[in-house]
J.: 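If you scroll down you'll find the structure; I have some questions about it.
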Amino acid sequence: MGVNGLNVLVTGGGSGIGLGCAEALVAAGATVTIGGRTESRLVEAGERIGARHVVVDVTDEASVVAAVAAATAATGRLDGVVASAGGSETIGPITQIDVEAFRRTLDLNVTGTFLTLKHAGRQMARQGSGSFVGISSIASPLTHRWFGAYGPAKAGIDHLCRAAADELGASGVRVNSIQPGLVDTDLVSFITVGGPVLEDYLECMPVSRVGKPADIAAAALFLLGTESEWVTGQNIAVDGGHTVRRGPDLRAALEPVFGADGLRGLVDPEG
């Protein structure tokens, strides 16, 4: 029952939420392959939690094909995927976002999840079963001012997972996504270190605390396991209830960088 005995690939598995999911999967009896771009980090993490590893750039199709094949080879089938590779290369007012950083952010999140789903989905469809879990963000359903690349990228993951669920259900494959709230990882350390932005996040949460990777892992294990065999096409917020209120106010962190006028879209025409 659950995930015991399943074979699962976790992209972005060398740190943060991905590593938290991989660690929980191994503890629950799954065979796990963690994937990421930095082999030294993967080796250290894999040895610590008891997972295999594969170097993969999720924005490169050939690399994803090889990673899916390597993970499948562990048992001869691929039962689940947690697509946690993601992040952002830009933050700030839409009028000042660098277009190449915008494209790279969408590529990492949307294209990376798409390629992982494309090739893992092929393997699962041939088997007639499997569960895919995308890692999105509450920045998808809630407006986060000055997250003009990251929010749209995460919204793309959510829509992609719903569309794939509609298509692949006929082959016994389930596809869902998790929308984490503020989780204590390196990506958001500038917030979790403390201050008015963190205080605002906590004010927005009915269950007022910073999340842990284990909180997201618990949801991932449910979606991968036998208990959720009738759940597909869902974007599930794991956020202390943040999404019942409003998006966070990051003004205190960003106004010193962009200025009050910059945050409302004004840009020096000579800049």
Side-chain angles (χ1 to χ4, degrees), residues 1-3 6 8-13 16-18 20-22 24-25 28 30 58 78-86 109-125 127-144 150-183 204-207 211-247:
M1 298 295 292
V3 300
L6 299 186
V8 182
L9 169 65
V10 181
T11 67
I17 288 172
C21 290
L25 283 161
V58 296
L78 186 63
D79 303 297
V81 173
V82 178
S84 188
N109 291 278
V110 182
T111 306
T113 301
F114 158 71
L115 289 173
T116 306
L117 179 52
K118 174 181 178 179
H119 294 286
R122 289 181 177 184
Q123 175 63 35
M124 292 175 179
Q127 298 166 180
S129 67
S131 176
F132 184 98
V133 179
I135 301 298
S136 174
S137 168
I138 61 167
S140 166
L142 283 183
T143 299
H144 283 42
Y150 185 77
K154 293 303 188 181
I157 291 174
D158 284 341
H159 190 98
L160 178 64
C161 287
R162 289 196 301 272
D166 202 4
E167 295 180 16
L168 295 175
S171 294
V173 179
R174 298 183 296 108
V175 185
N176 298 282
S177 69
I178 298 171
Q179 299 167 335
L182 181 65
V183 176
C204 290
M205 299 179 201
V207 180
K212 301 171 291 187
D215 295 316
I216 311 307
L221 265 64
F222 168 72
L223 292 172
L224 291 167
T226 53
E227 298 88 349
S228 62
E229 62 182 12
W230 206 41
V231 179
T232 196
Q234 303 305 302
N235 308 135
I236 300 173
V238 182
D239 63 354
H242 194 144
T243 43
V244 304
R245 294 186 176 171
R246 61 169 173 80

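Since the structure is predicted, the reported quantities are computational estimates derived from the model, not experimental observations.
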J.: Closest heavy-atom contact between Ala219 and Val238?
T.: CB-CG2, 3.8 Å
J.: Is His119 reaching over with its side chain to a backbone N or O of Gln123, donor-acceptor style, under 3.5 angstrom?
T.: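 A pair under 3.5 Å: no.
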J.: Can you give me the closest heavy-atom contact between Ala164 and Leu117, atom names plus distance?
T.: CB-CD2, 3.4 Å
J.: Of all the heavy-atom pairs spanning Val10 and Gly18, show the shortest one and how long it is.
T.: CG1-O, 3.4 Å
J.: Does Val82 reach the side chain of Leu224, with side-chain heavy atoms less than 4.5 Å apart?
T.: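 A side-chain contact exists here, since the closest heavy-atom pair is under 4.5 Å.
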J.: Can you measure from CD1 (Ile236) to CZ (Phe222) and round to the nearest 0.5 angstrom?
T.: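 Going from CD1 on Ile236 over to CZ on Phe222, the span is 6.5 Å.
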J.: What's the verdict on side-chain contact (heavy atoms from CB on, under 4.5 Å) for His144 and Ile138, showing C-alpha distance, side-chain angles and the deciding distance?
T.: CA-CA 9 Å; His144 283 42; Ile138 61 167; 4.0 Å; yes
J.: Is any side-chain heavy atom of Val183 closer than 4.5 Å to one of Asp215?
T.: no
J.: Nearest 0.5 Å, what's the CD-CD distance between Gln234 and Gln179?
T.: 10.5 Å
J.: Begin with the C-alpha distance, continue with both residues' side-chain angles, and end with the deciding distance and a verdict on side-chain contact (heavy atoms from CB on, under 4.5 Å) for Leu160 and Thr113.
T.: CA-CA 8 Å; Leu160 178 64; Thr113 301; 4.0 Å; yes
J.: Could you go through Arg174 and Asn176, starting from their C-alpha distance and side-chain angles, then the distance that decides it, and tell me whether this counts as side-chain contact (heavy atoms from CB on, under 4.5 Å)?
T.: CA-CA 7 Å; Arg174 298 183 296 108; Asn176 298 282; 3.9 Å; yes
J.: Does Pro206 reach the side chain of Arg245, with side-chain heavy atoms less than 4.5 Å apart?
T.: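 Touching, per the 4.5 Å side-chain cut-off.
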J.: Going by heavy atoms in the side chains, are Ile135 and Pro180 under 4.5 Å from each other?
T.: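 They are in contact (side-chain heavy atoms under 4.5 Å apart), so the answer is yes.
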J.: Around Lys212, counting heavy atoms of other residues, nucleotides and ligands shown, do more than 12 lie under 6.0 Å from its NZ?
T.: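 For Lys212, atom NZ is not crowded (no more than 12 foreign heavy atoms under 6.0 Å).
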J.: Going by the side chain to side chain donor-acceptor pair (under 3.5 Å) test, which pairs reach into residues 130-141, not counting sequence neighbours?
T.: Ser136-Asp158, Ser140-Asp158
J.: Main chain of Val175, side chain of Thr232: is a donor-acceptor contact present, judged purely on distance under 3.5 Å?
T.: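 Side chain of Thr232 to backbone of Val175: a pair is present.
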J.: After noting the C-alpha distance and the side-chain angles of Val207 and His242, does the key distance pass the side-chain contact (heavy atoms from CB on, under 4.5 Å) rule?
T.: CA-CA 8 Å; Val207 180; His242 194 144; over 6 Å; no
J.: Minimum heavy-atom separation for Leu221 to Ala28, with atom names?
T.: CD2-CB, 3.9 Å
J.: Going from CG on Asp166 to SG on Cys161, what distance comes out if it is rounded to the nearest 0.5 angstrom?
T.: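 Asp166 CG to Cys161 SG: 13.0 Å, rounded to 0.5 Å.
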J.: My understanding is that only residues two or more places apart in sequence, or in another chain, count here; which of them pass salt bridge (charged side-chain N to carboxylate O under 4.0 Å, His left out) with Asp239?
T.: none
J.: If you compare all heavy atoms of Ser177 against all heavy atoms of Asn235, which two are closest, and at what distance to 0.1 Å?
T.: OG-ND2, 2.7 Å
J.: Under 4.5 Å between any side-chain heavy atoms of Met124 and Val81, yes or no?
T.: yes
J.: Verify, without hydrogens or angle tests, whether Gln127 (side chain) and Ser129 (backbone) share a donor-acceptor contact under 3.5 angstrom.
T.: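 Judged by distance alone, yes, a pair lies under 3.5 Å.
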J.: Would you mind listing every salt bridge (charged side-chain N to carboxylate O under 4.0 Å, His left out) that reaches into residues 129-141, with sequence neighbours excluded?
T.: none
J.: I want to check something: taking the side chain as every heavy atom from C-beta on, are Asn109 and Lys154 in contact at a cut-off of under 4.5 Å?
T.: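 Asn109 vs Lys154: side chains touch.
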J.: Which atom pair, heavy atoms only, marks the closest approach of Leu78 to Ala120?
T.: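 For Leu78 and Ala120, the tightest heavy-atom pair comes out as CD2-CB, 3.9 Å.
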J.: Looking at Glu229, I'd like to know if its CD atom is crowded, meaning that more than 12 non-hydrogen atoms belonging to other residues, nucleotides or ligands lie closer than 6.0 Å.
T.: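 Incorrect, the count does not exceed 12.
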